[in-house]
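These notes concern the structure reproduced below.
All values derive from a computational prediction rather than experimental measurement.
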Amino acid sequence: MRRRTHTCGELRAHDAGKQVFLSGWVARIRDHGGLLFLDLRDRYGKTQVVIRPEEDSVLYEKASGLHGEWVISVEGEVALRPPGAVNRQISTGEVEVHARDIEVLNQCLPPPFPVEEEEIHPSEEMRLRYRYLDLRRSEMQEIFALRHRVYGIAREHLTTHGFLEIETPFLVKSTPEGARDYLVPSRVHPGKFYALPQSPQIYKQILMVAGFDRYFQIVRCFRDEDLRSDRQPEFTQVDVELSFPDIDTIFGIAESLFCKIFKAAWDVDLPSPFPRFTYSEVMAKYGTDKPDLRFGMPLVDVTEDLRDTDFRIVKEALEKDGAARGICVKGEAGRTRKQIADFEEAAKNAGLGGILPVKLTTEGVQGALAQHLSEATLRTITERMGAQQGDLLLFAVGAREETQKGLGALRLHLGETLGLIQPQSISIFWVTEFPLFEKDPVTGDLASAHHPFTGFFDEDIALLDTNPLAVRSHAYDMVVNGSEVLSGSIRISNPEVQRRIFSLLGINDEEATRRFGFLLEALRYGAPLMGGFAVGFDRVIMVLTGKSIRDVIAFPKTLLAASLMDGCPSEVDEKLLKDLYIQFVPPPDAK
RNA sequence: GGGGUCGUAGUUCAGUUUGGUUAGAACGCCAGCCUGUCACGUUGGAGGUCGCGGGUUCGAGCCCCGUCGGCCCCGCCA
């Protein structure tokens with residue numbers, strides 16, 4: 001076993017003449033019969049190895065028997081490539097290694113999909129099944145090198161600001177609030193369970209009570225909910241909490257962190273401070289709490305303008321306390337009926353009943369809605385929407401929240417499909433003043449919008465009894481390119497206030513004690529004011545690379561929360577279940 | 001839980017609209033030729049449970065029903 005002298009991305013012209021020993025994977029073989037080229041690859045790059053049968057026919061025989069992805073070592077001498085044979089595309093392209101000996105360290109089965117090929121993209125199913133081969137691709141290697149750099153930036157940044165990295169348990173008490181827990185049965189306590197943490201929220205607050213003042217942790221979190229392209233059952237947070245906080249301190253620490261990350265990854269300087277918008281602002285203007293502001297197309301409320309219309313659809317919606325809103329799609333008045341039908345399809349998927357298109361063409365204004373509007377009204381509306389000739393206006397009527405959310409989703413759909421988003425541009429800002437509560441659409445009960453420990457505006461305290469849905473919380477998000485990458489809040493640190501919130505949430509003292517008693521107790525033993533945030537680390541890497549969440553996690557799960565490589569989840573031995581006093585009860589519809 | 005979409009050679013796909021002889025291509029693989037390639041070139045060859053199950057039909061990759069799986073969206077995600 002010899003140690004390699006260089007990596008496959010290292011050799012340059014000035015290394016010519018050196019005796020080297022390289023190890024790596026066979027990327028490609030180009031056998032010309034009288035001359036054989038072999039690209040040797042490792043994480044650092046590729047180096048061309050040359051074998052000449054006239055110099056060593058035994059070695060040539062050996063080399064021509066190699067195959068892609070075999071693992072070999074090559075001993076030889078570095079040489080400058082002949083003039084005209086230099087490859088400017090790769091960093092080692094000025095040199096090659098004239099092999100003296102080759103050792104096969106391990107053969108490789110024919111790969112189920114090409115590791116080297118750049119034009120044939122294997123399906124995600126294949127990539128996940130053979131994840132080790134997928135990760136071997138340079139594209140993936142680069143993602144994880146970047147991910148590693150960002151871990152380092154976060155650790156360094158928070159350490160510099162006086163934060164201590166402290167681990168919290170993975171086997172924790174199940175708290176029924178929030179997402180569904182992943183459960184771990186206890187062997188020594190029959191019938192009892194641990195939960196995997198949805199976040200270290202309660203523990204980090206207790207660390208503040210313990211006087212750690214500034215804490216952080218790069219930590220896995222677990223949530224047993226249905227997945228999306230940006231959600232995995234286990235994901236990584238940079239969890240941060242500090243004592244005696246003020247909003248500007250917290251935002252400053254987070255902003256400078258993101259500045260460093262974007263500088264390192266994209267070599268851009270983000271303009272600081274980041275803009276701050278309130279929740280109600282972004283909801284009204286973009287119909288979502290995480291708008292992508294790399295393109296405009298704001299929602300415009302035209303409810304009052306259409307108040308007196310005799311157009312039946314509009315009239316009926318507004319009589320039911322509904323709203324009318326529109327967006328202006330720049331320069332798209334030329335869309336055909338069919339293309340607009342596609343927009344309508346997207347609108348229906350977004351939860352709208354439909355859309356009312358108005359085209360501002362050179363031949364005049366077209367659209368059913370327009371015919372029911374006076375010229376003056378039309379002028380007011382187009383002016384407020386910033387619309388000009390050639391633009392396409394899309395209106396939606398219906399329940400207030402529905403039109404807002406629906407048009408927000410349609411706006412995003414149009415932004416994506418019409419190519420309005422510059423991929424390299426950055427929209428980064430804060431959303432503040434989230435409501436403290438939201439209404440459960442099924443039961444009508446109050447529920448925490450963020451989590452039940454979220455603090456709120458002192459001046460809204462009277463609203464707790466009169467109009468709790470109007471109480472503004474001290475919760476905030478950071479949104480980058482339409483992705484929520486950070487979320488946090490200033491906490492409630494007064495046990496009496498905390499109790500009051502619980503009671504509004506329908507959690508009585510007894511239940512509160514049962515669920516969160518240890519936190520409530522801790523808060524009574526000298527709790528500092530506290531606040532913090534958690535960065536959705538995987539999403540940050542997603543935004544930086546433009547990839548899906550599965551591309552930035554080494555061993556991700558599919559949408560059905562399965563791992564195709566190792567086949568989990570799986571059945572377990574009866575004995576294990578017996579030790580845990582667990583019996584499987586099949587679902588009622590199982591065959 | 002609901003909606004959409006895809007599943008054909010080792011891989012990526014065409015073929016499904018309008019059912020009809022022996023299911024094609026590219027890459028990969030195997031064998032041969034080839035002295036400056038770098039997606040080498042070139043000649044030949046092997047390779048198919050058309051995801052799975054059922055149905056309709058003289059006949060199903062194609063139509064129908066069910067089911068499994070990948071992806072996207074809604075619900076859900078304090």
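- Residue A:E116 is out of contact with every strand shown, counting any heavy-atom pair closer than 4.0 Å.
- Judged as a ring pair (Phe, Tyr, Trp, His ring centres under 6.0 Å), the pairs with a partner in residues 487-519 of chain A (not counting sequence neighbours) are, in order, A:F453-A:F516, A:F502-A:F516.
- For B:C40, the OP1/OP2 oxygens have a side-chain nitrogen or oxygen of A:R30 closer than 4.0 Å.
- For the pair A:H67 NE2 and B:G28 C1', the interatomic distance rounds to 13 Å; values are reported in whole Å.
- Distance noted for atom C1' between B:U17 and B:G61: 14 Å (whole Å).
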Checklist entry - How would nucleotides 5-15 of chain B be written as a contact map, 5' to 3', with B for base contact, S for sugar-phosphate-only contact and - for no contact, using protein heavy atoms under 4.0 Å? => result -----SSS---
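- Judged by Watson-Crick or G-U wobble contacts below 3.5 Å, the nucleotide B:G69 has B:C6 as its partner.
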Item to check | Stepwise salt bridge (charged side-chain N to carboxylate O under 4.0 Å, His left out) test for A:D460 and A:R472 | outcome: CA-CA 7 Å; A:D460 288 355; A:R472 292 166 297 161; 2.9 Å; yes
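- Using a 4.0 Å heavy-atom criterion, one finds that A:I90 contacts no nucleic acid atom at all.
- Shown here are the side chain to side chain donor-acceptor pair (under 3.5 Å) partners of A:R28, two or more places apart in sequence or in another chain: there are none.
- B:A39 and B:U22 have their P atoms separated by 42 Å, with the value rounded to a whole Å.
- In this structure, A:L36 atom CG and B:C33 atom P are separated by 14 Å, rounded to whole Å.
- With sequence neighbours excluded, the residues satisfying side-chain contact (heavy atoms from CB on, under 4.5 Å) with A:H32 are A:R30, A:L35, A:F37.
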Under 3.5 Å, which N/O atoms of the protein pair with N/O atoms of nucleotides 73-77 of chain B?
{"unit_1": "B:C73", "atom_1": "OP1", "unit_2": "A:S229", "atom_2": "OG", "d": "3.1"}
{"unit_1": "B:C73", "atom_1": "OP2", "unit_2": "A:S229", "atom_2": "N", "d": "3.4"}
{"unit_1": "B:C73", "atom_1": "OP2", "unit_2": "A:S229", "atom_2": "OG", "d": "3.4"}
{"unit_1": "B:C74", "atom_1": "OP2", "unit_2": "A:R228", "atom_2": "NE", "d": "3.0"}
{"unit_1": "B:G75", "atom_1": "OP1", "unit_2": "A:K405", "atom_2": "NZ", "d": "3.2"}
{"unit_1": "B:G75", "atom_1": "N7", "unit_2": "A:R228", "atom_2": "NH2", "d": "2.7"}
{"unit_1": "B:G75", "atom_1": "O6", "unit_2": "A:R228", "atom_2": "NH1", "d": "3.0"}
{"unit_1": "B:G75", "atom_1": "O6", "unit_2": "A:R228", "atom_2": "NH2", "d": "3.4"}
{"unit_1": "B:G75", "atom_1": "N1", "unit_2": "A:D226", "atom_2": "OD2", "d": "2.5"}
{"unit_1": "B:G75", "atom_1": "N2", "unit_2": "A:D226", "atom_2": "OD2", "d": "3.1"}
{"unit_1": "B:C76", "atom_1": "O2'", "unit_2": "A:E225", "atom_2": "OE1", "d": "2.6"}
{"unit_1": "B:C76", "atom_1": "O2", "unit_2": "A:R231", "atom_2": "NH2", "d": "3.2"}
{"unit_1": "B:C76", "atom_1": "N3", "unit_2": "A:R231", "atom_2": "NH1", "d": "3.3"}
{"unit_1": "B:C76", "atom_1": "N3", "unit_2": "A:R231", "atom_2": "NH2", "d": "2.8"}
{"unit_1": "B:C76", "atom_1": "N4", "unit_2": "A:R228", "atom_2": "NH2", "d": "3.3"}
{"unit_1": "B:C76", "atom_1": "N4", "unit_2": "A:R231", "atom_2": "NH1", "d": "3.3"}
{"unit_1": "B:C77", "atom_1": "O2", "unit_2": "A:R231", "atom_2": "NE", "d": "3.4"}
{"unit_1": "B:C77", "atom_1": "O2", "unit_2": "A:R231", "atom_2": "NH1", "d": "2.9"}
{"unit_1": "B:C77", "atom_1": "N3", "unit_2": "A:R231", "atom_2": "NH1", "d": "3.1"}

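- When both distances must be under 3.5 Å, the Watson-Crick or G-U wobble mate of B:G41 is B:C33.
- Listed by chain and residue number, nothing satisfies the side chain to side chain donor-acceptor pair (under 3.5 Å) test with A:T175 (two or more places apart in sequence, or in another chain).
- Only the C1' atoms considered, B:A14 is 10 Å distant from B:U8, to the nearest whole Å.
- Partners of A:M283 under the side-chain contact (heavy atoms from CB on, under 4.5 Å) rule, at least two apart in sequence or in another chain, are A:Y279, A:D289, A:Q404.
- Of the C1' atoms belonging to B:A23 and B:C62, the separation is 12 Å, rounded to the nearest Å.
- Using modelled atom types, one finds a donor on one side chain and an acceptor on the other under 3.5 Å when comparing A:H98 with A:E96.
- Rounded to a whole Å, the CD atom of A:E61 is 12 Å from the P atom of B:A31.
- Using P as the reference atom, B:G24 and B:G47 are 13 Å apart when rounded to the nearest Å.
- Note on A:K290 versus A:D477: no salt bridge recorded, every NZ/NE/NH1/NH2 to OD/OE distance being 4.0 Å or above.
- Between A:D551 and A:R127, at least one side-chain nitrogen of the basic residue sits less than 4.0 Å from a carboxylate oxygen of the acidic one, meeting the salt-bridge criterion.
- The side chain of A:R550 places an N or O atom within less than 4.0 Å of a non-bridging phosphate oxygen (OP1 or OP2) of B:C71.
- In this structure, CD1 of A:I29 is placed 12 Å from P of B:G28, rounded to the nearest angstrom.
- Residues forming a side-chain contact (heavy atoms from CB on, under 4.5 Å) with A:F235 (at least two apart in sequence, or on another chain): A:C221, A:R223, A:Q237, A:D538.
- Atom CG of A:L560 and atom P of B:U67 are 14 Å apart (whole Å).
- Heavy atoms of A:E96 sit under 4.0 angstrom from at least one base atom.
- B:G1 atom C1' lies 14 Å from atom CG of A:D224, rounded to whole Å.
- A:Y60 is linked by a side chain to side chain donor-acceptor pair (under 3.5 Å) to A:D31, counting only residues two or more places apart in sequence or in another chain.
- B:G28 sits 11 Å from B:U42 when the P atoms are compared, rounded to a whole Å.
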Hey, what are the protein-to-nucleotides 41-46 of chain B N/O distances that come in under 3.5 Å?
none

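- Atom P of nucleotide B:C38 and atom CD of A:Q89 are separated by 11 Å, given to the nearest angstrom.
- The distance from atom CG of A:D551 to atom C1' of B:C71 is 12 Å, rounded to the nearest whole Å.
- If you take atom C1' in B:U16 and the same atom in B:G7, they sit 13 Å apart, rounded to whole Å.
- Both A:R81 and A:G34 sit near RNA chain B, but only A:G34 has its closest nucleotide nearer the 5' end.
- For A:R129, the side-chain contact (heavy atoms from CB on, under 4.5 Å) criterion is met by no residue, not counting sequence neighbours.
- Within 4.0 Å of A:S199, counting heavy atoms only, lies at least one base atom of the nucleic acid.
- Within the 4.0 angstrom heavy-atom criterion, no nucleotide atom of any strand lies near A:A350.
- Rounded to whole Å, the separation between the P atoms of B:C13 and B:C58 comes to 37 Å.
- Scored by the salt bridge (charged side-chain N to carboxylate O under 4.0 Å, His left out) test, A:E139 finds A:R137, A:K547 as partners (sequence neighbours excluded).
- Residue A:M530 forms a side chain to side chain contact (heavy atoms under 4.5 Å, CB included) with just one option from A:I492, A:L207, A:L523, A:L242, and that option is A:L523.
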